[in-house]
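The shown structure was predicted, so the numbers you read here are calculated from the model rather than taken from an experiment. Residue numbers count from 1 along this sequence.
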Amino acid sequence: MKKVLTIILGLSYLAVNAQKKWSLRECVDYATKHNLQVIQNEYSKQMQDLNLKIAKKNYLPSVSASVGNNVSFGQASLGTGSIRNDRFSNNANLGADILVYNNGRLEKTVRKTEFDVEASQYDIETIKNDISLQIAQQYLTTLLNKEIVKISQAAVENAQKQFDRAKITTQVGTTAQTVLAEAEAGLAREKQNLKTAEINVGRSLFALAQLLQLQEYKDFDVEDVDVPDQLAPQLKSVDEVLTTAYETQPQVKAAESRIRSAEAQTEVTKTAFWPTITASVGIGSFYNNLLNTRTIGIDELGNPINEHNFFNQYKDNFGQQAGVSVNIPIFNKGITKLQVEQSKLNESIAKTTLLQQKQTVKENVQKAQFDVDANYEIYLSAVQAERSTKLALDFADKSYAAGRSTIYDVNTARNNYANAQGSVAQAKYNYLFSLKLLNFYAGIPLSL
């Protein structure tokens with residue numbers, strides 16, 4: 001019973017999962033979270049975060065300890081003769097040093113690294129935006145193909161009615177056999193168009209699943225979105241959109257952060273002209289042991305003096321030291337001056353990059369505005385053409401029913417109407433995407 005229940009629950013889960021239809025928001029959120037390019041740039045951002053932590057850690061002193069052991073055997077000179085000198089020695093030291101002054105190099109390095117972190121974050125947002133736009137375009141293409149399927153289904157239904165009527169009239173002898181053959185051919189063409197439209201839906205869903213980098217895509221589907229039949233024109237001006245885009249687009253913000261980073265790097269490089277003051281403190285002790293004798297001398301009474309043990313020597317030999325050192329740069333072949341010039345060139349490169357990014361944004365906004373205006377005009381023309389072809393189809397049907405026109409005229413009118421419906425759908429979704437793109441640059445999130 002337990003196994004049966006498990007199987008039923010598993011099948012229920014699979015059924016629910018298979019029936020799930022993704023919204024545009026879900027597609028965008030999933031893609032921006034799982035896309036490999038986003039993940040790679042997030043690693044780059046983490047590297048910059050670590051660089052910032054390292055820069056801040058430089059405020060702390062450096063502390064190090066050392067322990068040394070040395071053994072020597074053989075003769076050692078003593079005046080004109082020599083003595084046996086077998087010796088073991090041990091020493092231990094603990095020291096710390098800290099940068100006291102270098103014209104603010106630590107603070108400037110931290111500030112420069114903070115700008116690098118900002119730029120890395122904006123890079124991630126730029127990639128997410130690019131992926132979001134690709135997802136939105138493919139999502140709308142899928143909806144368009146689904147709408148063309150509906151148009152094709154309606155065309156098949158009309159062709160089926162035409163074929164059924166022709167079959168009856170041919171059987172009773174009121175129409176020729178050629179009428180039935182043409183009606184059957186028209187029905188076959190519409191079924192072929194429907195099958196092509198259905199394949200295009202599958203193809204667009206597959207392309208969208210690839211953008212999402214889904215491993216399982218066979219049951220993937222998107223929500224059906226009700227797009228209004230009447231679309232309103234876009235009223236915002238290019239200047240309004242550009243003002244917002246310059247303030248919000250991450251590629252522009254990243255370029256601005258890199259300008260500040262380059263300027264901060266110039267200040268860091270200039271600190272090499274200034275003296276460096278370092279303070280240090282340390283403690284240490286040592287131990288010596290003559291391996292060939294324990295006597296290290298004779299006291300006033302002629303008694304031998306023996307070596308102290310390890311701990312006593314460490315106690316007696318314990319010492320401390322403190323110091324301040326100043327490193328004054330005098331001449332380093334002019335390298336620092338050249339490095340400053342390199343930093344200034346990097347500032348110019350960063351400023352040029354900002355101008356390029358703004359120019360790219362400007363071109364994209366202008367193109368989006370042009371596409372919005374053009375696609376809206378195409379949409380209005382397509383709607384008018386659809387009305388005209390629908391009226392022509394109605395007249396052709398009535399004329400054929402009255403015997404004043406042929407089935408060829410009806411099929412031609414039906415094909416014209418189907419093409420006009422497809423043109424309206426194409427124009428509607430083209431306008432919708434260009435409008436979403438323009439609104440995206442105006443700071444409005446993607447949605448349907």
Side-chain angles (χ1 to χ4, degrees), residues 40-68 92-126 247 250-284 319-358:
Q40 184 176 10
N41 276 267
E42 285 177 344
Y43 287 141
S44 298
K45 165 67 166 48
Q46 291 175 16
M47 290 290 290
Q48 294 296 345
D49 289 336
L50 291 175
N51 287 337
L52 179 58
K53 290 182 179 180
I54 291 172
K56 291 181 177 179
K57 292 291 184 180
N58 284 328
Y59 285 109
L60 300 175
S62 297
V63 181
S64 61
S66 65
V67 178
N93 297 281
L94 177 65
D97 61 81
I98 187 170
L99 180 66
V100 177
Y101 175 78
N102 189 220
N103 195 33
R105 174 162 57 91
L106 297 182
E107 295 87 346
K108 293 171 182 176
T109 301
V110 169
R111 187 162 63 248
K112 186 263 181 190
T113 311
E114 287 174 341
F115 293 137
D116 290 338
V117 171
E118 280 184 5
S120 296
Q121 182 60 49
Y122 288 131
D123 287 341
I124 295 174
E125 296 303 320
T126 299
E247 294 175 351
Q251 60 267 41
V252 175
K253 305 295 288 183
E256 292 173 345
S257 294
R258 288 194 167 93
I259 290 176
R260 293 191 286 269
S261 174
E263 292 171 345
Q265 180 58 52
T266 300
E267 295 302 316
V268 172
T269 306
K270 287 181 179 179
T271 60
F273 288 120
W274 293 79
T276 301
I277 301 176
T278 305
S280 62
V281 295
I283 57 175
Q320 310 88 33
Q321 60 87 21
V324 175
S325 63
V326 180
N327 184 2
I328 302 174
I330 297 175
F331 177 71
N332 70 339
K333 310 172 191 177
I335 292 176
T336 301
K337 183 178 179 181
L338 293 174
Q339 289 174 336
V340 171
E341 291 181 11
Q342 286 180 326
S343 295
K344 288 186 175 296
L345 282 175
N346 286 331
E347 288 182 36
S348 300
I349 292 172
K351 291 175 182 177
T352 303
T353 301
L354 174 61
L355 294 177
Q356 290 175 335
Q357 292 294 347
K358 285 190 172 183

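Heavy atoms from other residues, nucleotides or ligands lying under 6.0 Å from CD of Gln40 number 12 at most.
Leu99 CG to Leu60 CG: the interatomic distance, rounded to the nearest 0.5 Å, is 12.0 Å. Gln251 contributes atom CD, which lies 11.0 Å from atom CG of Leu354 (distance to the nearest 0.5 angstrom). Arg111 contributes atom CZ, which lies 10.5 Å from atom CD of Glu263 (distance to the nearest 0.5 angstrom). Atom OG1 of Thr126 sits about 12.0 Å away from atom NZ of Lys253, to the nearest 0.5 Å. Taking OG1 from Thr278 and CG from Asn102, the interatomic distance works out to 8.5 Å, rounded to the nearest 0.5 Å. A distance of 11.5 Å separates CD in Gln46 from CD in Gln48, rounded to the nearest 0.5 Å.
A 4.5 Å side-chain heavy-atom check between Glu347 and Thr266 finds at least one atom pair inside the cut-off. Looking at Asn346 and Gln265, their side chains never come closer than 4.5 Å, going by heavy atoms from C-beta outward. The shortest side-chain heavy-atom distance between Asp123 and Arg258 falls under the 4.5 Å cut-off.
When all heavy atoms are compared, the tightest approach of Ile283 to Gln320 is CG2-CG, 3.8 Å. Closest heavy-atom contact between Lys108 and Asn103: NZ-O, 3.2 Å. Between Tyr59 and Val110, the closest heavy-atom pair is CE1-CG2, 3.9 Å. Ala55 and Thr109 get closest at one heavy-atom pair: CB-CG2, 4.2 Å. Across all non-hydrogen atoms, the minimal contact from Lys270 to Lys344 is NZ-NZ, 4.2 Å. In terms of heavy-atom proximity, Val340 sits nearest to Phe273 at CG2-CE1, 3.8 Å.
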Identify all side-chain donor-acceptor contacts of residues 115-122 below 3.5 Å with residues at least two apart in sequence or on another chain.
unit_1	atom_1	unit_2	atom_2	d
Asp116	OD1	Ser261	OG	2.5
Asp116	OD2	Lys112	NZ	2.8
Glu118	OE1	Ser257	OG	3.1
Ser120	OG	Asp116	O	3.1
Gln121	NE2	Glu125	OE2	3.2

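Between the side chain of Asp97 and the backbone N or O of Val281, no donor-acceptor pair lies under 3.5 Å. Using modelled atom types, no side-chain atom of Thr269 and backbone atom of Gln339 make a donor-acceptor pair closer than 3.5 Å.
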